[in-house]
Amino acid sequence: MLQLFDTATQKITPLTMRDPGIVGLYVCGPTVYGPAHVGHGRALLTYDILRRFLEYTGLAVRHVSNITDIDDKIINLARAENRPFLAVAQEWEARWWATMDKMGVLRPTATPHATAYVTEMIDLIASLIDRDFAYATDDGVYLRAGRVPHYGLLSHQSIEDRRAGARVELGEHKEDPIDFVLWKIAKPGEPTWPSPWGEGRPGWHTECVVMSLALLGEGFDLHGGGQDLIFPHHDNERAQATANGQHFARHWMHNGLVTVAGEKMSKSLNNFTTLDELLEHCDPRSYRLLVARAHYRSPLEVNATTIESAASSLARIDALVRRLGEIVPLAPSEEADGLRQRFVTAMENDLDSPSAVAEIFEAVRRANSLSDLGDLAAARALTDMVQELLGALGIEVHGSEVVDSDVADLVARRDLARLDRDFAASDLLRAELEALGWVVEDTPAGTRVHR
RNA sequence: GGCGGCGUGGCCGAGUGGCUUAGGCAAGGGCCUGCAAAGCCCUCUACCCCAGUUCGAUUCUGGGCGCCGCCUCCA
């Protein structure tokens, strides 16, 4: 059974399922007003790997991830571009999915939009007011955070400490600095929805409460996001559900952030690389491997060196499959079963993908070694398992590539030249192939080329 | 200041109270190859500092130094 570090208890505990065999997973999705960057990519890949692994072990995953399509940033951008906020949101959402497709990230099973749940959010806020956990002022509705049992459960910050550091924006009329906004009364020119407290729009945290409970139900299994969401976002989500007397997520996980030269990559620091930029010169599998090679809770250094390192190690796997992919597959071997067991054991230990990946590379070396010794059947069995396990991480291995007839012709001519031991001609043909961007490998089966 | 976390070899990055050569990348040597490529073998640079616990600590405890994240929008 999968054990995961729970942010609330700060302990590694079994991920128990409310409904046996089905994992209900809610991951906070993007506010759509700009390009997805490498930091988003890490989070998305982390949860994609989690989901694929759960499915690999035979579980069904209900994976809900929201799209925040109403927000100050979106409004500001829409104003700057002089178009409706929804046009901004829809454009960037489309780009978001296009990038995720390129990254090989599976679509969540549901992607609710905040604007589609405003009515439900108003109902929740009204209920919170009824329960005396929220109050309306002339600028909005606020949650009495100090009344919520265990407020700060996830950030492990006491209410007193939180109060000492809290800020109040100009124009906010709160009872207590730590209270947070549930409904914002609209300023002129802002998009609005009608509500009992005046025309306005929901605050940031409410949508995730409403949508996770609507789609996954009370006491759903797992709630995730980046570590930078622990406070205020997730503490404030939990506060609302708790104040409303509802069981919320039973387990919380948070992925570590991407760093650049040791500093957090973020929009506000403006040190980010977008995923689209990354993918211009990087195989999406390389970034996925880089992510999987680090533990999900650790910071991850992303730069040209670490990406190239991942790309090189990926090439090693592709080479193995080129070498053994054409041999007739055989029944699974004991050695391959052992590999799978070690892989699963590693992954079940708080998603220890670095150790799981290390097992895979150990098997790659072993398979090459077996192949060198001539035990092709054993090598092939291991190679098949390597491919299967990489598949569980979402990495598809590239074996032999299809070549066009011109290239095939050069390859055939080179084989003939080598058969005649005409090495001068053979080297010229290799140079021609290399000039076309192919890497040439001589094998017992003849010349083989790959990109 | 409060809270959370981290300091491992050239780089990335796991792990453990006493042989893990973790793994990957890079580097050097060898084998293989017509030459390459791929592969295999070998080598190298480690556990921030200081005390303590212990037969023994990189791993446990305490202190110090340094770093990162959150406390404000953020994956």
Side-chain angles (χ1 to χ4, degrees), chain A residues 7 10 27-31 33-34 36-47 71-73 152 154-158 160-167 169 178 204 224-233 235 254-259 262-269 272 289-290 293-295 297-303 305-320 322-323 346 349 352-362 364-373 418 421-424 426-427 430-431 434 438-443 447-450:
Chain A
T7 308
Q10 297 181 290
V27 181
C28 284
T31 301
Y33 68 98
H37 62 65
V38 169
H40 296 116
R42 185 198 187 176
L44 271 290
L45 288 169
T46 297
Y47 294 102
D71 165 275
D72 287 355
K73 298 263 172 60
L154 302 173
S155 56
H156 305 283
Q157 210 45 38
S158 73
E160 294 70 38
D161 291 338
R162 189 61 79 193
R163 204 167 266 144
R167 295 182 206 177
E169 299 291 324
I178 62 170
W204 175 33
Q227 282 174 347
D228 51 358
L229 292 182
I230 293 172
F231 188 89
H233 188 48
D235 262 331
H254 292 93
N255 61 277
L257 306 178
V258 167
T259 60
E263 293 269 303
K264 170 188 172 184
M265 174 179 288
S266 76
K267 291 179 193 169
S268 48
L269 289 175
F272 64 89
L289 183 60
L290 182 63
R293 233 170 47 170
H295 188 86
R297 285 191 282 121
S298 301
L300 174 66
E301 183 67 25
V302 178
N303 57 48
T305 306
T306 60
I307 291 200
E308 282 162 19
S309 161
S312 298
S313 53
L314 187 63
R316 198 171 143 71
I317 291 167
D318 285 341
L320 173 70
R322 274 199 309 278
R323 185 180 189 186
N349 177 24
D352 186 2
S353 56
S355 294
V357 168
E359 291 292 347
I360 288 174
F361 279 101
E362 191 65 29
V364 169
R365 186 196 55 73
R366 174 75 178 147
N368 274 311
S369 192
L370 285 166
S371 185
D372 284 350
L373 294 169
R418 293 190 69 237
R421 302 192 68 76
D422 182 354
F423 297 122
S426 133
D427 287 350
R430 174 165 59 200
E434 284 173 350
W438 295 92
V439 178
V440 179
E441 288 178 1
D442 295 334
T443 76
T447 294
R448 181 180 289 152
V449 295
H450 68 95

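Labels below follow one simple rule: chain letters A, B, ... track the order of the sequence lines, proteins then strands, and each chain is numbered from 1.
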Asker: Using a cut-off of less than 4.0 Å, is there contact between a side-chain N or O of A:Arg365 and OP1 or OP2 of B:G23?
Answerer: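 The answer is no; no side-chain N or O of A:Arg365 sits under 4.0 Å from OP1 or OP2.
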
Asker: So, under a plain 3.5 Å distance rule, would you say the side chain of A:Gln157 forms a donor-acceptor pair with the base of B:G2?
Answerer: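 For A:Gln157, whose side chain was compared with the base of B:G2, there is a donor-acceptor pair (under 3.5 Å).
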
Asker: Please say which of A:Arg323, A:Arg365, A:Arg366 ends up in a salt bridge (charged side-chain N to carboxylate O under 4.0 Å, His left out) with A:Asp372.
Answerer: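 Exactly one candidate clears the test, A:Arg323.
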
Asker: Expressed in angstrom and rounded to an integer, what is the separation of A:Tyr33 atom OH from B:A75 atom C1'?
Answerer: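 Rounded to the whole Å, the gap is 11 Å.
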
Asker: Identify the two heavy atoms, one from A:Leu154 and one from A:Thr7, that lie closest to each other, and give their separation to 0.1 Å.
Answerer: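 So the two residues come closest at O-CG2, 3.7 Å.
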
Asker: How many Å lie between CE on A:Met265 and P on B:C70, as a whole number?
Answerer: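 In whole Å, B:C70 P lies 14 Å from A:Met265 CE.
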
Asker: If you measure from NE2 on A:His254 to SG on A:Cys28, what distance do you get to the nearest 0.5 Å?
Answerer: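 So the gap between those two atoms works out to 7.5 Å.
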
Asker: Base, sugar-phosphate alone, or nothing: which one does A:His295 contact when heavy atoms must sit under 4.0 Å apart?
Answerer: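 A:His295: backbone/sugar contact only, no base atoms under 4.0 Å.
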
Asker: Which residues pass the side-chain hydrogen bond (donor to acceptor under 3.5 Å, both in side chains) test with A:Gln157, sequence neighbours left out?
Answerer: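 For A:Gln157, no residue satisfies side-chain hydrogen bond (donor to acceptor under 3.5 Å, both in side chains) once neighbours in sequence are set aside.
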
Asker: For the C1' atoms, the ones on B:G28 and on B:A22, what distance do you get once it is rounded to whole angstrom?
Answerer: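 One C1' to the other, the span is 22 Å.
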
Asker: Counting Watson-Crick and G-U wobble pairs only, both distances under 3.5 Å, name the nucleotide matched with B:C60, or none.
Answerer: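 Checking every strand shown, B:C60 finds its partner in B:G52, with both distances under 3.5 Å.
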
Asker: Please step through side-chain contact (heavy atoms from CB on, under 4.5 Å) for the pair A:Asp442 and A:Arg418, ending with a clear verdict.
Answerer: CA-CA 10 Å; A:Asp442 295 334; A:Arg418 293 190 69 237; 3.5 Å; yes

Asker: Start at the 5' end of RNA chain B and walk down; is the nucleotide closest to A:Ile317 or to A:Leu44 reached first?
Answerer: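 This one resolves to A:Ile317.
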
Asker: What integer number of Å spans the P atoms of B:C67 and B:U72?
Answerer: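 It comes out at 23 Å once rounded to the nearest Å.
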
Asker: Taking only the C1' atom of each, what is the distance from B:G18 to B:C11 in whole angstrom?
Answerer: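 Those two atoms are separated by 30 Å.
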
Asker: In whole angstroms, how far is the C1' atom of B:C71 from the CD1 atom of A:Ile178?
Answerer: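 Whole-Å distance recorded here is 12 Å.
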
Asker: Look at all strands and tell whether A:Gly225 reaches a base, only sugar-phosphate, or nothing, counting heavy atoms closer than 4.0 Å.
Answerer: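 Sugar-phosphate contact only - A:Gly225 comes under 4.0 Å of backbone atoms but never of a base.
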
Asker: Which value, in whole Å, describes the distance between the P atoms of nucleotides B:A75 and B:A37?
Answerer: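 The answer is 45 Å between these two P atoms.
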
Asker: Starting from the C-alpha separation in whole Å, work towards a yes-or-no answer on side-chain contact (heavy atoms from CB on, under 4.5 Å) for A:Leu290 and A:Arg293.
Answerer: CA-CA 5 Å; A:Leu290 182 63; A:Arg293 233 170 47 170; 3.7 Å; yes

Asker: Which heavy atom of A:Arg42 sits nearest to which heavy atom of A:Ala294, and what is that distance?
Answerer: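 Result for this residue pair: NH2-CB, 4.4 Å.
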
Asker: Taking atom CD of A:Gln227 and atom CG of A:Asn255, what is their separation to the nearest 0.5 Å?
Answerer: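 It comes to 7.0 Å.
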
Asker: What's the closest nucleotide to the A:Leu290 side chain, out of B:A75, B:C12, B:A14?
Answerer: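 Comparing B:A75, B:C12, B:A14 against the side chain of A:Leu290, the answer is B:C12.
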
Asker: Taking only the side-chain heavy atoms of A:Gln10 (C-beta and beyond), determine which of B:C68, B:G2, B:G5 contains the nearest atom.
Answerer: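 For A:Gln10, the side-chain atoms sit closest to B:G5.
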
Asker: Go nucleotide by nucleotide along RNA chain B from the 5' end; which of A:Gly256 and A:Glu362 gets its closest nucleotide reached first?
Answerer: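 Whichever sits nearer the 5' end wins; that is A:Glu362.
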
Asker: Rounding to a whole Å, what distance do you find between A:Asp422:CG and B:C35:C1'?
Answerer: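 Going from A:Asp422 (CG) to B:C35 (C1'), I get 14 Å.
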
Asker: Would you mind classifying the nucleic acid contact of A:Val258 as base, sugar-phosphate or nothing, using non-hydrogen atoms under 4.0 angstrom?
Answerer: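 Base contact - A:Val258 has a heavy atom under 4.0 Å of at least one base atom.
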
Asker: Without hydrogens or angle criteria, can the side chains of A:Arg162 and A:Ser155 be said to hold a donor-acceptor pair below 3.5 Å?
Answerer: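 Short answer, yes.
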
Asker: Sequence neighbours left out, what passes side chain to side chain contact (heavy atoms under 4.5 Å, CB included) with A:Thr259? Give chain and number order.
Answerer: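 Residues passing side chain to side chain contact (heavy atoms under 4.5 Å, CB included) with A:Thr259: A:Pro299, A:Glu301.
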
Asker: So what does A:Val439 hit on the nucleic acid, given a heavy-atom distance under 4.0 Å: a base, only sugar-phosphate, or nothing?
Answerer: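 If one applies the 4.0 Å heavy-atom cut-off, A:Val439 turns out to touch the sugar-phosphate alone, with no base involved.
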
Asker: B:U8 and B:U20: how far apart are their C1' atoms, nearest whole angstrom?
Answerer: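 My reading of the C1' atoms in B:U8 and B:U20 gives 13 Å.
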
Asker: How many Å lie between CD1 on A:Ile230 and C1' on B:G5, as a whole number?
Answerer: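 It works out to 10 Å between those atoms.
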
Asker: Counting heavy atoms from C-beta on, name the nucleotide in B:A14, B:G23, B:G39 closest to the side chain of A:Asp372.
Answerer: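 So the nucleotide nearest the side chain must be B:G39.
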
Asker: Between B:A27 and B:A38, how far apart are the two P atoms, rounded to whole Å?
Answerer: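 Those two atoms are separated by 11 Å.
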
Asker: Looking for any heavy atom pair under 4.0 Å, which part of the strands does A:Ser266 touch: base, sugar-phosphate only, or nothing?
Answerer: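 The residue A:Ser266 makes base contact.
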
Asker: Paired with B:G10: which nucleotide, if any, by Watson-Crick or G-U wobble criteria at under 3.5 Å for both distances?
Answerer: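 Paired with B:G10, as far as the under-3.5 Å criterion goes, is B:C25.
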
Asker: In whole Å, I'd like the distance from the CZ atom of A:Arg162 to the C1' atom of B:G2.
Answerer: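 Result: 9 Å.
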
Asker: Taking side chain to side chain contact (heavy atoms under 4.5 Å, CB included) as the definition, give me every residue that meets it alongside A:Leu44, ordered by chain and number, with sequence neighbours left out.
Answerer: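 Partners of A:Leu44 under the side chain to side chain contact (heavy atoms under 4.5 Å, CB included) test: A:Trp96, A:Met100, A:Val105.
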
Asker: With heavy atoms under 4.0 Å as the rule, sort A:Leu300 into base, sugar-phosphate or nothing.
Answerer: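 Sugar-phosphate: the residue A:Leu300, judged by heavy atoms under 4.0 Å, touches backbone atoms but no base.
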
Asker: Check nucleotides 32-34 of chain B for protein N or O atoms closer than 3.5 Å to its own N or O atoms and list the pairs.
Answerer:
{"from": "B:G34", "atom 1": "O6", "to": "A:Arg414", "atom 2": "NH2", "distance (Å)": "3.4"}
{"from": "B:G34", "atom 1": "O6", "to": "A:Arg418", "atom 2": "NE", "distance (Å)": "3.4"}
{"from": "B:G34", "atom 1": "O6", "to": "A:Ser426", "atom 2": "OG", "distance (Å)": "3.1"}
{"from": "B:G34", "atom 1": "N1", "to": "A:Asp427", "atom 2": "OD1", "distance (Å)": "2.9"}
{"from": "B:G34", "atom 1": "N2", "to": "A:Asp427", "atom 2": "OD1", "distance (Å)": "3.3"}
{"from": "B:G34", "atom 1": "N2", "to": "A:Asp427", "atom 2": "OD2", "distance (Å)": "2.6"}

Asker: Between B:G30 and B:C44, how many Å separate the two C1' atoms, rounded to a whole number?
Answerer: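 Straight-line distance between the two C1' atoms is 15 Å.
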
Asker: Under 3.5 Å, which N/O atoms of the protein pair with N/O atoms of nucleotides 25-31 of chain B?
Answerer:
{"from": "B:C25", "atom 1": "O4'", "to": "A:Ser309", "atom 2": "OG", "distance (Å)": "3.1"}

Asker: Heavy atoms from C-beta onward define the side chain here; which of B:C68, B:G13, B:C70 lies closest to that of A:Ala294?
Answerer: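 Nearest nucleotide to the side chain: B:G13.
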
Asker: Need one value for A:Glu359: base, sugar-phosphate or nothing, where a base atom within 4.0 Å counts as base even if backbone is also close, heavy atoms only.
Answerer: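 Nothing: the residue A:Glu359, judged by heavy atoms under 4.0 Å, touches no strand.
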
Asker: Once side-chain hydrogen bond (donor to acceptor under 3.5 Å, both in side chains) is applied, do any residues pair with A:Asp71, and if so which ones, sequence neighbours excluded?
Answerer: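 Per chain and number, A:Asp71 pairs via side-chain hydrogen bond (donor to acceptor under 3.5 Å, both in side chains) with no residue.
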
Asker: Please tell me if A:Asn368 has a side-chain N or O lying less than 4.0 Å from either OP1 or OP2 of B:C40.
Answerer: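 True: A:Asn368 side-chain N/O within range (under 4.0 Å) of B:C40 OP1/OP2.
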
Asker: Go ahead and name the base partner of B:G39; Watson-Crick or wobble counts if both distances stay under 3.5 Å, otherwise write none.
Answerer: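 Across any shown strand, B:G39 pairs with B:C31.
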
Asker: According to a strict under-4.0 Å criterion, is A:His40 in side-chain N/O contact with OP1 or OP2 of B:A75?
Answerer: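 The answer is yes; a side-chain N or O of A:His40 sits under 4.0 Å from OP1 or OP2.
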
Asker: For A:Glu301, report the nucleic acid contact type (base, sugar-phosphate, nothing); a contact means any heavy atom under 4.0 Å.
Answerer: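 The residue A:Glu301 makes sugar-phosphate contact but no base contact.
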
Asker: Any chance you could lay out the side-chain contact (heavy atoms from CB on, under 4.5 Å) test for A:Arg322 and A:Thr443, step after step, and finish with the verdict?
Answerer: CA-CA 11 Å; A:Arg322 274 199 309 278; A:Thr443 76; over 6 Å; no

Asker: Tell me which nucleotide, if any, is Watson-Crick or G-U wobble paired with B:C3 when both distances must be under 3.5 Å.
Answerer: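 Matched B:C3 with B:G69 under the 3.5 Å cut-off.
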
Asker: Please confirm whether the shortest side-chain N or O distance from A:Lys264 to OP1 or OP2 of B:C70 is below 4.0 Å.
Answerer: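 So the side chain of A:Lys264 is within the cut-off, an N or O lying under 4.0 Å from OP1 or OP2 of B:C70.
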
Asker: Within the 4.0 Å heavy-atom criterion, would you say A:Leu257 contacts the bases, only the backbone, or no part of the nucleic acid?
Answerer: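 Base contact.
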
Asker: With rounding to whole Å, what would you report as the distance between B:C12 and B:C6 at their C1' atoms?
Answerer: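 B:C12 and B:C6 have their C1' atoms separated by 16 Å.
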
